[in-house]
Amino acid sequence: MQRYFIETAIENARISGEDARHIERVMRMKQGNNIVVVAQNTAHICTIEGFEGDEVVIEATGQTIPSPELSIQVTVACGLPKGDKLELITQKATELGMFALLPFEAERSIVKWDKKKGAKKQERLQKIAKEAAEQAHRTHIPTVFEPISFKQLVQQTDHFDAVFIADEEDAKAEKRTRFAEKLKNVYDKKSKSMLIIFGPEGGISRQESEALLQAGAQTMSLGPRILRAETAPLYALSAISYEFE
């Protein structure tokens, strides 16, 4: 069944806007067809009662679908990468269970966030997250935040139970602490939120790494190979999923 998100409670809910047009004109659904409607992080099986103007009238059947969400909320912070890599990270990380995306202006970021075009770009990224959440049958759409400065990122670390940095220098080290081992500690402590931080092309600088470590972050080893900026977050989310699910 097709899945749609709404921002209101399921009682007397209606679907409007682009989703309503998708139901009627693209999917060509009719009265009596069933769809999944996610309201307040719960997936409800609903029946289409009819079409009124640009809205789809629905009624909940009383049946719900279990949530597929990770037991820990994982926010991905990534230094602004080049090209359309941020779109790829948004899409694939959403499929893998990311809770939120927090881009930041890293020392080695070549790309600079255009404030004039920023709102449209953020809106596009949020739409990509929504579509990926629907495709992955999630009950939460990750929030894509406007990029922040590195100083602001360091200040954000206090809001999480665990903070990890992907540092390529750790990958080069002869002795590494496996990420899986560190995740077991997070799991044992029953942590509810985690921030995982990745640099842009070129990685995290030494100054940035030191500042984050002083703020309480830990390094995470993603294996002996150096991963691309868009690959590292997906590797980490896969490891977290394996440990927690």
Side-chain angles (χ1 to χ4, degrees), residues 68-82 85-104 106 108-109 125 128-129 132-133 136 138 140-145 147-148 150 153-154 156-157 159-173 175-205 208-209 211-213 215-245:
E69 298 299 324
L70 281 167
S71 60
I72 186 168
Q73 296 178 351
V74 183
T75 295
V76 175
C78 59
L80 287 172
K82 295 186 293 185
K85 292 179 182 178
L86 199 57
E87 294 185 2
L88 177 64
I89 292 170
T90 300
Q91 182 187 61
K92 299 307 177 185
T94 297
E95 292 177 26
L96 289 167
M98 173 181 72
F99 184 77
L101 179 64
L102 184 61
F104 68 95
R108 294 175 179 169
S109 287
L125 291 171
I128 289 172
R138 292 190 57 182
H140 169 76
I141 301 173
T143 300
V144 180
F145 291 99
I148 60 175
F150 177 74
L153 175 65
V154 174
Q156 288 288 321
T157 58
H159 301 153
F160 297 87
D161 296 329
V163 180
F164 291 100
I165 319 165
D167 190 341
E168 66 179 42
E169 294 304 315
D170 187 76
K172 297 174 184 176
K175 293 184 178 180
R176 300 182 304 276
T177 302
R178 295 175 64 246
F179 187 34
E181 294 173 5
K182 293 189 175 182
L183 285 177
K184 281 183 173 61
N185 292 330
V186 174
Y187 184 83
D188 291 342
K189 291 179 182 177
K190 297 182 180 179
S191 299
K192 298 300 181 184
S193 63
M194 182 190 301
L195 176 66
I196 50 178
I197 304 170
F198 306 87
E201 299 82 1
I204 293 281
S205 73
E208 289 171 330
S209 178
L212 288 166
L213 290 173
Q218 306 175 60
T219 57
M220 58 178 171
S221 175
L222 303 183
R225 293 162 294 281
I226 305 302
L227 304 177
R228 291 180 179 270
E230 67 273 29
T231 308
L234 310 184
Y235 181 112
L237 283 165
S238 297
I240 292 167
S241 175
Y242 179 83
E243 182 60 39
F244 283 82
E245 297 182 317

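Every value quoted in this text rests on a predicted model; they were computed, and no experiment measured them.
Closest of all the heavy-atom pairs between Ala232 and Leu227 is CA-CD1, 3.9 Å. Nearest heavy atom pair, residue Ala100 against residue Phe145, reads CB-CE1, 3.8 Å. Residue Met98 comes nearest to Pro142 through the heavy atom pair O-CG, 3.2 Å, listed as atom of the first residue, atom of the second, then distance. Taking every heavy atom of both residues into account, Ala229 and Ile89 meet most closely at O-CD1, 3.9 Å. When all heavy atoms of Val154 and Ala215 are compared, the closest pair comes out as CG1-CB, 3.9 Å. For the pair Leu234 and Ala93, the tightest heavy-atom approach, listed with the atom from each and the gap, is CD2-N, 3.7 Å.
Remark: Lys85 engages Glu201 in a salt bridge, criterion side-chain N to carboxylate O under 4.0 Å. Between Lys184 and Glu181 there is no salt bridge, since no side-chain nitrogen of the basic residue lies less than 4.0 Å from a carboxylate oxygen of the acidic one.
Residues Glu87 and Leu125 have side chains in contact (heavy-atom distance under 4.5 Å, counting atoms from C-beta outward). Thr143 is not listed as a side-chain neighbour of Leu101, based on a closest heavy-atom distance of 4.5 Å or more. Counting heavy atoms from C-beta on, the side chains of Phe198 and Glu230 never come closer than 4.5 Å. In this structure, the side chains of Ile204 and Ile197 come closer than 4.5 Å at one or more pairs of heavy atoms. By the 4.5 Å heavy-atom criterion applied to side chains, Thr94 and Arg138 are counted as neighbours. Residues Met194 and Ile240 meet the side-chain proximity criterion, which asks for heavy atoms closer than 4.5 Å.
The residue from Val76, Val144, Leu153 that alone fulfils the side chain to side chain contact (heavy atoms under 4.5 Å, CB included) condition with Leu102 is Leu153.
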*Take Ile148 and Gln156, measure what side-chain contact (heavy atoms from CB on, under 4.5 Å) needs, and give me the verdict at the end.*
CA-CA 10 Å; Ile148 60 175; Gln156 288 288 321; 4.3 Å; yes
*Apply side-chain contact (heavy atoms from CB on, under 4.5 Å) to the pair Val74 and Ile196, showing each step before the final yes or no.*
CA-CA 7 Å; Val74 183; Ile196 50 178; 3.7 Å; yes
*asked:* Pair Gln218, Lys182 - check side-chain contact (heavy atoms from CB on, under 4.5 Å), show working.
replied: CA-CA 9 Å; Gln218 306 175 60; Lys182 293 189 175 182; 3.8 Å; yes
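With hydrogens and angles ignored, the 3.5 Å screen pairs a side-chain donor or acceptor of Thr90 with a backbone N or O of Leu86. Put simply, the side chain of Arg108 never gets that close to the backbone of Gly199: no donor and acceptor are under 3.5 Å apart. Judged by distance alone, the side chain of Ser109 and the main-chain N or O of Leu80 form a donor-acceptor pair under 3.5 Å. The main-chain N or O of Phe99 is found under 3.5 Å from a side-chain atom of His140 such that the two form a donor-acceptor pair.
Using cut-offs of 30° and 60° for the angle between ring planes, the Phe244 and Tyr187 rings count as perpendicular.
Taking the six-membered ring wherever Trp is involved, the centroid distance between the rings of Phe164 and Phe179 falls below 6.0 Å.
Note that the OG atom of Ser193 and the CG atom of Asp161 stand 3.5 Å from one another [nearest 0.5 Å]. A distance of 7.5 Å separates OG1 in Thr157 from CG in Leu195, rounded to the nearest 0.5 Å. Atom NZ of residue Lys190 and atom CD1 of residue Ile72 lie 13.5 Å apart, to the nearest 0.5 angstrom.
Residue pairs meeting the side chain to side chain donor-acceptor pair (under 3.5 Å) criterion with at least one member in residues 236-245, sequence neighbours excluded, are Ser241-Glu245.
Side-chain contact annotation: Thr219 with Asp167, donor-acceptor N/O pair under 3.5 Å absent.
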